[in-house]
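Read through the structure below, which is laid out as structure tokens, and then see the notes.
Counting starts at 1 for both ligands and their atoms, following the listed order. Computed from a predicted model, the values in this text were never measured in an experiment.
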Amino acid sequence: MDIEAIKNQITSDLKDLGSLQGLEEVRVKYLGRKGLIAQLTSSIPSLPDEERASFGRKVNEFKSSLLALLDEKQKAFLAGQEGVNANTIDIGMPGIAPELGHLHPITKIIHEVCAIFRQMGFSIVEGPEIETEFNNFTGLNIPLEHPSRDVFDTFYLATKDTLLLRSHTSPVQIRAMKSHKPPLAIVVPGRVYRPDAVDASHSFMFHQIEGFVVDTDITFADLKGTLEFFAKAVFGKDISMRFRPHFFPFTEPSAEVDISCILCKGKGCSLCGRKGWLEILGSGMIHPNVFKHVGYDPKEYTGFAFGMGVERIALLKYGIDDIRLFFENDLRFLKQF
Ligand code: DAH
């Protein structure tokens, strides 16, 4: 048999090779002591002198290429047998579940409160965190000598026209009223800034939600009904509310709103400081001077406004006693919401 015939036979032998055992049989058939290659080699001495050398070289080349081919086949078989190969993906293996995050508790409260007011027909509006002195103070009837305008109580930015980090969300009242005519029913969630030292109840940055309604016949009764609906939706139907007279420059009359303590139900405990009541927000009827600043006729329009601290609502709702927990990004805390 000559080399070409043997090559053809090997190709067909390897084609339907089913196992490692079969591969071993092929090896013996060709490379074994009495195999076909050995037969070729043993025919060399009987060849004419001038053919021996070149035939011998051809047989050697053929033998080493066959060895390499069988080696490769064997490796492929072994890899298949082990089941896992660097180049294969086991689609039956369980996957690695990605860890899903969720919204921050403050964001959740903002969404919840906004949804309650949306139900009552309010629109959600946002404003910039860098404000003019006019929108943050003057337009809101806060006089120049008011302590909140002091540089120790507001972050001023060193610019030609006095800009500042808004100290409350109320300036969005000015923006919205200047750009829209009544009737208006708007809530404004957002960040506010004050140069306060951080402790359990203070932070240089916190969140507020402002709300206001303006139309031709808005009364204090509308304010009370709206806030009662809100407070019961957040804290439960069984709470009671009270309005305590207070002073804000941008509302007249003004009131602070309390709910009965959610822990002791009004009996008096450490959460409510033995008072039985928890303050939740400030409110009042929009001051005529505010209307004048935005170009509304105070004889034609009336309105109410309110503002609440989101962290405070969250502390009360979740029974937390330290505002810093909201800002430290400790997953052991955040994962509980
Ligand atoms: N802007 C007030 C503050 O930051 C909160 C507030 C009180 C807003 C009464 C109002 C309001 O709209 O009527 O303390």
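When each atom of ligand 1 is checked for a heavy atom of G284 under 4.0 Å away, the hits are 13 (O). Each of the atoms 8 (C), 10 (C), 12 (O) of ligand 1 lies under 4.0 Å from some heavy atom of E210. Within ligand 1, the atoms closer than 4.0 Å to a non-hydrogen atom of A305 are 12 (O), 13 (O), numbered from 1 in the order shown. Atoms of ligand 1 lying under 4.0 Å from at least one heavy atom of Q173, given by number and element, are 12 (O). For ligand 1 and S170, the ligand atoms under 4.0 Å from any heavy atom of the residue are 1 (N), 8 (C).
At the top of the distance list for atom 2 (C) of ligand 1, counting protein heavy atoms only, stands F250 CZ, 3.8 Å.
At least one N or O atom of Q208, backbone or side chain, sits closer than 3.5 Å to an N or O atom of ligand 1. Taking distance alone, with nitrogen or oxygen atoms compared against 3.5 Å, G211 stays at or beyond that limit from ligand 1.
Looking only at distances, a side-chain donor or acceptor of H104 sits under 3.5 Å from a matching main-chain atom of F326. Listed for the S65 side chain is a donor-acceptor partner under 3.5 Å among the backbone atoms of F62. Panel note: side chain Q208, backbone T169; a donor-acceptor pair is recorded below 3.5 Å.
You'll find the side chain of L140 reaches within 4.5 Å of the side chain of P171, heavy atoms only. Side-chain atoms of C261 and L271, non-hydrogen and from C-beta on, do get closer than 4.5 Å to each other.
Residue contacts with ligand 1 for F212 are absent, since no atom lies close enough (heavy atoms, distance under 4.0 Å). When non-hydrogen atoms are compared, ligand 1 lies under 4.0 Å from the backbone of S283 (N, CA, C, O) but not from its side chain.
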Y318 and F337: CA distance, side-chain angles, deciding distance, ring-ring contact (aromatic ring centres under 6.0 Å, His included) verdict: CA-CA 9 Å; Y318 294 132; F337 297 91; 4.7 Å; yes

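Between F122 and F230, the gap from one ring centroid to the other reaches at least 6.0 Å.
Separation of atoms OG (S12) and NZ (K7) is listed at 15.0 Å; rounding is to 0.5 Å.
Among R166, R194, E252, M308, the residue whose heavy atom lies nearest to atom 3 (C) of ligand 1 is R194.
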